[in-house]
Amino acid sequence: MRLDILTCLPKLLESPFSDSILKRAQDKKLVEVVVHDLRSYSTTKHRTTDDYAFGGGAGMVMTIEPIDRCISVLKEQRTYHEIIYMSPDGELLNQSLANQLSLKENLILLCGHYKGVDERVREHLITREVSIGDYVLSGGELAAAVLADSIIRLIPGVLSDETSALTDSFQDGLVAPPVYTRPAEYKGWKVPEVLLSGHEAKINEWRHDQSLERTKKRRPGLGMV
Ligand code: ADE
């Protein structure tokens with residue numbers, strides 16, 4: 001998979017991709033993440049990427065030209081399956097959307113800032129809008145990193161134990177069961193006996209029951225959509 005992320009603040013995207021699972025996925029060539037600085041596609045004297053809103057009002061609006069030029073250059077090189085604008089009023093990210101997107105070959109993620117992008121970007125250049133939740137961030141960069149993480153970890157081979165993505169919360173419409181590690185007892189707080197039993201069938205049954213119980217209690221609507 002190739003992920004191209006378009007932003008006017010590329011530094012914000014340095015650390016999420018330079019450590020741990022997302023770094024390893026790139027080292028193993030399972031994903032290529034390329035961050036593009038929209039300022040390098042600006043043709044204005046000061047390489048600006050925003051301007052005042054027509055009609056007045058507070059807040060700057062990201063201009064269409066640098067975004068269009070960057071997307072055009074990328075589209076000349078390969079076909080993109082989705083061009084996604086990160087926006088608080090987009091479709092809500094969930095596990096099912098992450099699963100869908102993890103099957104795509106090439107994706108563009110566009111990060112908005114200020115008051116957002118010129119509406120013509122949304123009308124003519126992008127294919128989808130994604131929100132990571134009903135709250136407003138200062139920009140789309142952190143949201144793009146969240147979306148990218150949720151997708152990349154699902155690519156086969158990214159997680160060392162492939163089944164661990166399959167047993168994630170939400171993957172089967174259930175939240176994950178509790179997990180424990182050593183010591184078996186700490187300050188008198190004990191690990192459930194069954195997990196120490198070595199009886200695989202019983203452990204699996206216990207985990208499944210715990211998942212069902214937790215889902216009912218914490219996310220009763222999960223898996224019903
Ligand atoms: N940009 C600002 N807030 C956002 C959100 N909640 N989701 C996606 N992009 C955003």
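The model shown is predicted, which means the values in this text are computed figures rather than measured ones. Counting starts at 1 for both ligands and their atoms, following the listed order. Positions are given from 1, in the same order as the sequence printed here.
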Donor-acceptor pair, side chain of T127 and main chain of I83, under 3.5 angstrom: yes
Report, in ascending order of atom number, the atoms of ligand 1 lying under 4.0 Å from any heavy atom of M86. 8 (C), 9 (N)
Mark the output for L142 as yes if a heavy-atom distance to ligand 1 is under 4.0 Å, and as no if none is. no
Distance alone, cut at 3.5 Å: any donor-acceptor contact between the side chains of N106 and H81? no
Nearest to atom 3 (N) of ligand 1, what protein heavy atom do you find, and at what distance? L137 N, 3.0 Å
Under 3.5 Å, N or O to N or O, is A143 touching ligand 1 that way? no
Hey, which atoms in ligand 1 end up nearer than 4.0 Å to a heavy atom of V130? 8 (C)
Under a 4.0 Å threshold between the charged nitrogen and the carboxylate oxygen, would R122 count as salt-bridged to D89? yes
Side-chain contact, heavy-atom cut-off 4.5 Å: E141 with P10? no
If only atom types and distance count, is the side chain of T49 paired as donor or acceptor with the main-chain N or O of M62 below 3.5 Å? no
Under a 4.0 angstrom heavy-atom cut-off, which atoms of ligand 1 come close to G139? 1 (N), 2 (C)
State whether the shortest distance between N or O atoms of V136 and N or O atoms of ligand 1 falls below 3.5 angstrom. no
Under 4.0 Å, counting heavy atoms only: does G112 come that close to any atom of ligand 1? no
Tell me which protein heavy atom sits closest to atom 7 (N) of ligand 1, plus the residue, atom name and distance to 0.1 Å. I132 N, 3.0 Å
Side chain, backbone, both or neither: which part of S87 comes within less than 4.0 Å of ligand 1 when only heavy atoms are counted? backbone
Ignoring hydrogens and geometry, is there a side-chain-to-backbone donor-acceptor pair from S42 to R39 under 3.5 Å? no
Take every heavy atom of C111, measure it against each atom of ligand 1, and state whether any distance is under 4.0 Å. no
Between D68 and Y41, do the side chains contain a donor N or O and an acceptor N or O under 3.5 Å apart? no
Tell me: protein heavy atom nearest atom 6 (N) of ligand 1, and distance? Y135 O, 2.8 Å
Has S102 got a side-chain atom pairing as donor or acceptor with L154's backbone, closer than 3.5 angstrom? no
